[in-house]
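None of these values were measured; they are calculated from a predicted model.
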Amino acid sequence: MSNGIGRNDPCWCHSGKKYKKCHLDRDKKLPIDRADLEKHGKQREKICLASELQDGLCSGSIINAHTISKSGSLKAISEGGHVMGTKPSFAQLIKSNGKLTLSKVGINQASTFTGFCSYHDKELFSPLEDSPITLSDEQLFLLAYRSLSRELYAKQETTKTAEFLRQSDRGQNIVGQIFIQNNANAYGFGIDLALKELRSIKAQMDEMLINRDFSSMNHCVIELASLPKVLVSASTQPEFDFNGNRLQSFGDPHQMMSHIIFNSISYDERGCFVFSWLDDSGDICSKFIDSLINIGEQDISNALVRFCYSFAENTWASPAW
């Protein structure tokens with residue numbers, strides 16, 4: 001960096017550290033290598049997101065919790081105990097030249113995350129796993145709650161990626177360091193905005209769950225005549241509707257984005273696709289849903305499949321399909 005910065009001055013990258021503890025001689029350090037990438041890709045936090053319910057019942061044993069029911073949905077579309085989906089890793093991305101590829105994944109591993117303890121995964125979602133699907137307000141809420149929890153967990157994990165990016169300028173000259181830090185800071189800024197919004201939504205849903213009052217959660221249920229071949233559990237901020245009309249824009253720290261949660265499940269040899277949203281996202285989400293319905297019944301299924309593969313890596317399909 002310029003000669004004007006002292007060893008004990010704040011670092012130019014805005015890390016909050018002193019220059020001597022941050023970017024001093026960064027150009028002389030060993031660059032990030034494949035082993036560093038693979039080590040970072042394998043790190044996963046184990047937490048119970050239901051601890052925020054403050055019921056004091058966390059078992060402390062964090063499990064690989066399914067976001068899509070293994071027995072109720074994944075098993076129904078599996079072949080030999082496998083479904084088709086993605087399990088992204090740095091090693092796989094390097095092997096496939098940066099392209100996400102579909103592969104067979106066992107239903108024990110598909111759609112799992114380490115975001116609930118054994119007690120809460122069993123007790124909270126028992127109305128979904130142990131009772132017939134009737135699309136009750138409670139069941140629809142729990143579908144959305146599980147999806148939102150996974151989305152929050154995944155976004156919290158990306159904060160580690162932002163920090164990893166900040167370290168990836170090792171061995172670079174100052175021009176490369178500035179370029180990487182600018183990109184890392186922009187990436188981190190977006191993550192912070194999304195985390196703020198997801199935590200706000202999760203807090204509202206926690207309150208609904210505690211009070212057993214699901215009236216502030218809205219749903220659009222599209223019932224399917226046959227077993228769905230594609231299952232999903234995710235959440236997104238709809239930037240455009242299904243006709244390509246802009247609904248909202250990213251990046252304004254003073255404007256909370258509207259979020260929509262979506263699930264595809266199977267039951268009784270048929271299934272449904274469910275969109276869910278809170279009251280305060282009603283304006284944007286209603287326009288989004290209207291644009292889907294107006295496509296026409298013949299084209300809705302194709303539109304939903306494209307939507308799943310465009311906006312959710314937690315999408316799983318029948319191998320035959």
Side-chain angles (χ1 to χ4, degrees), residues 49 67 135 137-156 158 186-209 211 213-224 230-265 272-297 299-315:
L49 291 169
T67 54
L135 304 180
D137 287 346
E138 180 184 34
Q139 288 180 334
L140 293 176
F141 172 84
L142 289 173
L143 277 174
Y145 185 80
R146 189 157 60 182
S147 297
L148 193 282
S149 296
R150 180 195 175 278
E151 197 71 26
L152 175 58
Y153 173 89
K155 194 62 66 177
Q156 288 176 168
T158 59
Y187 180 70
F189 175 76
I191 291 172
D192 290 344
L193 284 183
L195 274 175
K196 180 181 178 181
E197 294 172 357
L198 290 169
R199 286 167 178 159
S200 174
I201 296 170
K202 175 69 161 47
Q204 293 179 66
M205 295 180 75
D206 285 342
E207 193 69 21
M208 294 168 68
L209 190 55
N211 296 327
D213 179 2
F214 310 122
S215 58
S216 296
M217 180 66 72
N218 304 273
H219 309 281
C220 171
V221 180
I222 300 172
E223 294 189 70
L224 308 174
V230 177
L231 303 173
V232 69
S233 177
S235 170
T236 191
Q237 304 117 304
E239 189 177 9
F240 298 92
D241 69 13
F242 281 90
N243 296 316
N245 299 311
R246 181 176 291 279
L247 296 172
Q248 54 186 344
S249 299
F250 290 98
D252 185 350
H254 306 295
Q255 180 66 45
M256 183 167 174
M257 297 280 285
S258 291
H259 290 243
I260 197 163
I261 304 165
F262 51 103
N263 283 274
S264 172
I265 63 171
C272 65
F273 200 104
V274 185
F275 288 102
S276 306
W277 63 94
L278 294 174
D279 281 346
D280 54 14
S281 292
D283 181 52
I284 296 296
C285 292
S286 293
K287 292 177 181 177
F288 178 78
I289 295 299
D290 287 344
S291 72
L292 172 65
I293 301 303
N294 290 334
I295 286 175
E297 189 172 331
D299 296 320
I300 285 179
S301 293
N302 286 336
L304 289 175
V305 169
R306 290 195 300 270
F307 176 76
C308 290
Y309 281 106
S310 297
F311 294 99
E313 94 282 357
N314 191 29
T315 298

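Residues passing the side chain to side chain contact (heavy atoms under 4.5 Å, CB included) test with L142, sequence neighbours excluded: F125, P127, L128, E138, L209. With sequence neighbours excluded, no residue forms a side-chain hydrogen bond (donor to acceptor under 3.5 Å, both in side chains) with S310. The ring-ring contact (aromatic ring centres under 6.0 Å, His included) check on F273 picks up F275, with sequence neighbours excluded. N314 is linked by a side-chain hydrogen bond (donor to acceptor under 3.5 Å, both in side chains) to T67, W316, counting only residues two or more places apart in sequence or in another chain. Every residue two or more places apart in sequence or in another chain was checked for a salt bridge (charged side-chain N to carboxylate O under 4.0 Å, His left out) with E297, and none qualifies. S147 is linked by a side-chain hydrogen bond (donor to acceptor under 3.5 Å, both in side chains) to S233, N263, counting only residues two or more places apart in sequence or in another chain. For E207, the side chain to side chain contact (heavy atoms under 4.5 Å, CB included) criterion is met by N211, not counting sequence neighbours. Residues passing the side chain to side chain contact (heavy atoms under 4.5 Å, CB included) test with Y187 are T158, T161, A162, L165, I191, sequence neighbours excluded. With sequence neighbours left out, the side-chain hydrogen bond (donor to acceptor under 3.5 Å, both in side chains) criterion links Q204 to no other residue. With sequence neighbours excluded, the residues satisfying side chain to side chain contact (heavy atoms under 4.5 Å, CB included) with V230 are V305, Y309, T315, A317, W321.
A distance of 6.0 Å separates NE2 in H219 from CG in D137, rounded to the nearest 0.5 Å. Put simply, CG on L304 and CG on D299 are 11.0 Å apart, with the number rounded to the nearest 0.5 Å. To the nearest 0.5 Å, atoms CD1 (I295) and CD1 (I300) are separated by 6.5 Å. Taking NE2 of H254 as the reference point, atom CG of L193 lies at 9.5 Å (rounded to 0.5 Å). Distance check: M205 CE to S149 OG gives 7.0 Å after rounding to the nearest 0.5 Å. Taking CD1 of I260 as the start and OG of S281 as the end, the distance is 8.5 Å to the nearest 0.5 Å.
D213 places a side-chain N or O within donor-acceptor distance of the main-chain N or O of S215, the cut-off being under 3.5 Å.
Annotation: salt bridge (Lys or Arg N to Asp or Glu O under 4.0 Å) contacts involving residues 186-202, sequence neighbours excluded, comprise E52-K202, K202-D206.
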Would H259 and L148 satisfy side chain to side chain contact (heavy atoms under 4.5 Å, CB included), going step by step from the backbone distance to the final call?
-> CA-CA 10 Å; H259 290 243; L148 193 282; 5.6 Å; no

Side chain to side chain contact (heavy atoms under 4.5 Å, CB included) assessment of M217 paired with L278 = CA-CA 5 Å; M217 180 66 72; L278 294 174; 3.6 Å; yes

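The only option from V232, V274, I222, L143 that meets the side-chain contact (heavy atoms from CB on, under 4.5 Å) definition with S264 turns out to be V232.
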Return a table of donor-acceptor pairs under 3.5 angstrom between the side chains of residues 282-294 and protein atoms on other chains or two or more places apart.
unit_1: S286; atom_1: OG; unit_2: G282; atom_2: O; d: 2.7
unit_1: S291; atom_1: OG; unit_2: F242; atom_2: N; d: 3.0
unit_1: S291; atom_1: OG; unit_2: F288; atom_2: O; d: 2.7
unit_1: N294; atom_1: ND2; unit_2: D290; atom_2: O; d: 3.0

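In summary, the aromatic rings of F262 and F307 are positioned with their centroids under 6.0 Å apart.
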